[in-house]
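Protein chains get the first letters and strands the later ones, always in sequence-line order, with residue 1 at the start of each.
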There are 2 protein chains.
Amino acid sequence: MPTPRPARRSIAMDALSQDTKTRILDAAETLFMEHGFEATSLRQLTGAAGVNLAAVNYHFGTKEELFQAVLTRRLDPMNQERIDLLDRYLRESRAKPLSCEKILSAMLIPALRLARDEKRGGKHFLRVLGRAYADPAPFIRHFLSAQYAEMINRFKDAFLEALPHLTRQELTWRLHFVMGALSYTLAGTDALKLMAQVAPGEKDNDEMVLQRLAPFLAAGLKAPLGDPRKLELVSGD
Amino acid sequence: MPTPRPARRSIAMDALSQDTKTRILDAAETLFMEHGFEATSLRQLTGAAGVNLAAVNYHFGTKEELFQAVLTRRLDPMNQERIDLLDRYLRESRAKPLSCEKILSAMLIPALRLARDEKRGGKHFLRVLGRAYADPAPFIRHFLSAQYAEMINRFKDAFLEALPHLTRQELTWRLHFVMGALSYTLAGTDALKLMAQVAPGEKDNDEMVLQRLAPFLAAGLKAPLGDPRKLELVSGD
DNA sequence: GCTCGATTCAAACGCCCGTTTGAAACTATC
DNA sequence: GATAGTTTCAAACGGGCGTTTGAATCGAGC
């Protein structure tokens, strides 16, 4: 029997159910990261969380809604943080257009903060997110596009001022590439080992990664438009 | 047909079983692309292929081995093509180091050729591949890292000559970002709609995508090393 | 002390999964 | 036409899945 909590009164039930919900969310975050959405069963999940099997359906409705709740819990604050940071930069710049690097910082810093904050799920969540990007399930795709719409549009406007040589369509593509490299990097469950071993024993790995990713992405965004003839398919031999 | 060793199976049998195997592989390629590995059932798959349910286990052993066969059928030739193309460029350059763009072409062109070749699975396969990159299942990760090891190492050597300002470790990271943007872009089942609509009615979409991706990646690879202080976490407010 | 809504729990529901089985069908060879 | 090896087939196996159910438990308010 779990210890009864005499502290709170009317909120006691709330606190208990909150506790159950939180334990489910935490276990789901970890297991979805380790095995993916489909391969994680509710029996496995509720077992790890130490709650009854039926608790997921009681508190969240379905497994899919649980997954959305896992994403929302972290994504909403992170994207709001991104928008707030961008707004602060814009206010501080006093009408002068921001540099590409500065705008990129507003995107990456909240992600990095989240990655380093173990109390908010840290890397666990970012890997779940990175995987979700590549998932073809319609409910995931619709959910993500809705979640990201506002944030992406705000950043697109800012980048358009910083990169006047790009059309809106060209920028859309490049932001797509940025999100690709970012999500793939964050998702990287051992993906690094695909090509090489990282130097062992490095502290603060995520910060190091983003410090490498940022100049790469900034240079890509600032690149001149491509010459259609640079990439020939017909191999002239 | 005078076969050297007629003690083995007949040609007619081979043709039949080859046909069944091919139909399974084709259906698997499409369904794994549409729904992912876990979410595709063998009943669905064999139904679409018009073969008996047991045929997958008879010809491939398990569902996992079928998935590896789906990947191998396209990946082996494509990676070989990449290596061959890089070798040809190296031969033609006569000891002078190749440009970054040229090396990148050797990576992208075979992928583009595959994407445009409907008879080799085209986009279907590339989306399966893009998803596989983000899959945490150990058997997929081990398989992919083995498949890619040789190709990646060959290209790393070439890039190291083209980008002398990068250490081997730094280059490893940047190639990681390159693979990320590439696989994410190729995987993109409607991922584009995450941020914006593409101009409708464009012909030869994949070629257009790679012509946009190539300059982005080349610029990223050539970028100067990042300044650790460019990305501050402590938001001085 | 009783009620009542919220939460937990064990058990079951119906369904679909990947795989196995053993017999039938087919075909080249003798 | 019997033989042997390969491939197909219908059927079933055991098990795990997400979800539902209805009773038990709990705490707060009257």
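Salt-bridge formation is detected for the pair B:R23/B:D19: a Lys NZ or Arg NE/NH1/NH2 atom is positioned less than 4.0 Å from an Asp or Glu carboxylate oxygen.
Taking atom NE2 on B:H59 and atom P on C:dT19, their separation rounds to 15 Å, with Å as the unit. When the C1' atom of D:dC17 is taken as reference, atom CG of A:L66 falls 15 Å away, rounded to whole Å. Across the protein-nucleic acid pair, A:L45 atom CG and D:dC17 atom C1' stand 13 Å apart, rounded to whole Å. In this structure, CG of A:N52 is placed 5 Å from C1' of C:dC9, rounded to the nearest angstrom. As a whole-Å value, the separation of B:F60 CZ from C:dT20 P is 16 Å. Computed from coordinates, the B:Y58 OH to C:dA25 C1' distance equals 13 Å when rounded to whole Å.
Close to D:dT7, at under 4.0 Å from its OP1 or OP2, lies no side-chain N or O of B:T20.
A:D76 is linked by a salt bridge (charged side-chain N to carboxylate O under 4.0 Å, His left out) to nothing, counting only residues two or more places apart in sequence or in another chain. Scored by the side-chain hydrogen bond (donor to acceptor under 3.5 Å, both in side chains) test, A:N79 finds A:R82 as partners (sequence neighbours excluded). With sequence neighbours left out, A:R131 forms a salt bridge (charged side-chain N to carboxylate O under 4.0 Å, His left out) with no residue at all. With sequence neighbours left out, the side-chain hydrogen bond (donor to acceptor under 3.5 Å, both in side chains) criterion links A:T46 to no other residue.
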Just by protein heavy atoms under 4.0 Å, how would nucleotides 12-18 of chain C read 5' to 3' in B, S and -?
B----BB
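When each of A:A54 and A:A39 is assigned the nucleotide of DNA chain D with its nearest heavy atom, A:A39 is the one assigned upstream, toward the 5' end.
Within the structure, the ring-ring contact (aromatic ring centres under 6.0 Å, His included) test picks out the following pairs touching residues 60-79 of chain A (sequence neighbours left out): A:F32-A:F67, A:F37-A:F67.
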